Amino acid sequence: MATDSPPESGYQPSARLKERLAAWQASVEWEPEDGAPEPADRIPSAAEARKALEAGIQQELHDDRQLSLPTLAEHVPWTAENLRLLMSKRGGYPARERHRKSEGDPRVYQPSEHLRDLLAAYNLSLDTAQKRLEELEQCIADELTAHPDVMNPEMAKHLPWEQEQVRLIARKYDVPRRRKRPSEHKLVEDADGKPKSVVVPYDWYVQQPGADPSIVKR
């Protein structure tokens, strides 16, 4: 069995890839730089928008003691059970009150304007994150196409993903299949796994003292 670990190509991400990666990461979870002002047109990250939405839902449950979780779940992207778990993590919410007949017909719940704004911001953050993810994936595919010597593991070192994710991106965008670069040396082992011989590059071999001139390049 021959062990073959291709040497890295020395690839460095382009400025475009770095920008796409930073934009996507900021859309998922924004981390401000020390002393840097927040851009006026910045769209809240998905993590920020979700946190704000959870707080808005908790406030909605505090303001309306008759609002049930199943009813609220009809207006937000989580089930009643998900809401119960989310609110439990946030410290809970007041006990629900039953509607009394003396209060007349039960009112039809409509989310408050504040909650609707938070929902819109959350959906916008998700759409933005997805758009920037697609832009990042396209850029990765372009880089792989432009650098056919770059293997998926090498590309993955510059990304927050494993090489399998890079492979899936390459397949999604029809990147030509990688041609495995031969390593400079290959260790050949016998059936017991013990080293038997070493395969070396011809150009390297002929420069070594005592090289057999009768051996020709195949």
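Because the structure is predicted, anything quoted here is derived from the model rather than measured.
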For residues 116-127, which side-chain donor-acceptor pairs fall under 3.5 Å, sequence neighbours excluded?
from, atom 1, to, atom 2, distance (Å)
R116, NH1, P111, O, 2.6
N123, ND2, L119, O, 3.2
S125, OG, Y122, O, 2.6

Report all side-chain donor-acceptor pairs from residues 164-172 shorter than 3.5 Å, counting only partners two or more places apart or in another chain.
from, atom 1, to, atom 2, distance (Å)
E164, OE1, R167, NE, 3.0
E164, OE2, R167, NE, 3.3
E164, OE2, R167, NH2, 2.4
K172, NZ, E137, OE1, 2.9

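No side-chain donor-acceptor contact under 3.5 Å links Q163 to the backbone of M155.
Q12 contributes atom CD, which lies 8.5 Å from atom CD of E154 (distance to the nearest 0.5 angstrom). Within the model, atoms NZ of K131 and CG of L136 stand 14.0 Å from one another, a figure rounded to the nearest 0.5 Å. Taking CH2 of W78 as the start and CG of L72 as the end, the distance is 10.0 Å to the nearest 0.5 Å. The OH atom of Y11 sits 3.5 Å away from atom CD of E143, with the distance rounded to the nearest 0.5 Å. Taking CZ of R132 as the reference point, atom OG of S45 lies at 10.0 Å (rounded to 0.5 Å). In this structure, CG in L83 is found 5.5 Å from CD1 in I57, a value given to the nearest 0.5 Å.
The side chain to side chain donor-acceptor pair (under 3.5 Å) check on E60 picks up Y109, S112, with sequence neighbours excluded. Under the rule for a side chain to side chain donor-acceptor pair (under 3.5 Å), E19 has no partner lying at least two apart in sequence or in another chain.
A salt bridge is defined here as a Lys NZ or Arg NE, NH1 or NH2 lying under 4.0 Å from an Asp or Glu carboxylate O, and E48 with R42 meets this definition.
When each of V28, L133, I43 is paired with T128, the side-chain contact (heavy atoms from CB on, under 4.5 Å) condition holds for I43 and for no other.
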Step by step, work out the side-chain contact (heavy atoms from CB on, under 4.5 Å) result for D142 and L17.
CA-CA 9 Å; D142 292 344; L17 179 56; over 6 Å; no
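Sorted by first and then second residue, the pairs that involve residues 73-88 and meet salt bridge (charged side-chain N to carboxylate O under 4.0 Å, His left out), not counting sequence neighbours, are E81-R84. Among residues at least two apart or in separate chains, side-chain hydrogen bond (donor to acceptor under 3.5 Å, both in side chains) pairs with a member in residues 88-97 are Q58-R90.
Residues L85 and V76 are members of separate hydrophobic clusters, defined by side-chain heavy-atom contacts under 4.5 angstrom among Ile, Leu, Val, Met, Phe, Trp and Tyr.
Annotation for W24 and P160: closest pair CZ3-CG, 3.8 Å, computed over non-hydrogen atoms. The minimum heavy-atom distance between A80 and A73, with the atom names listed, is N-CB, 3.6 Å.
Contact annotation: the side chain of L21 never approaches that of C139 to less than 4.5 Å [non-hydrogen atoms, C-beta and beyond].
Counting heavy-atom neighbours within 6.0 Å of Q138 CD, excluding the residue itself, gives a total above 12.
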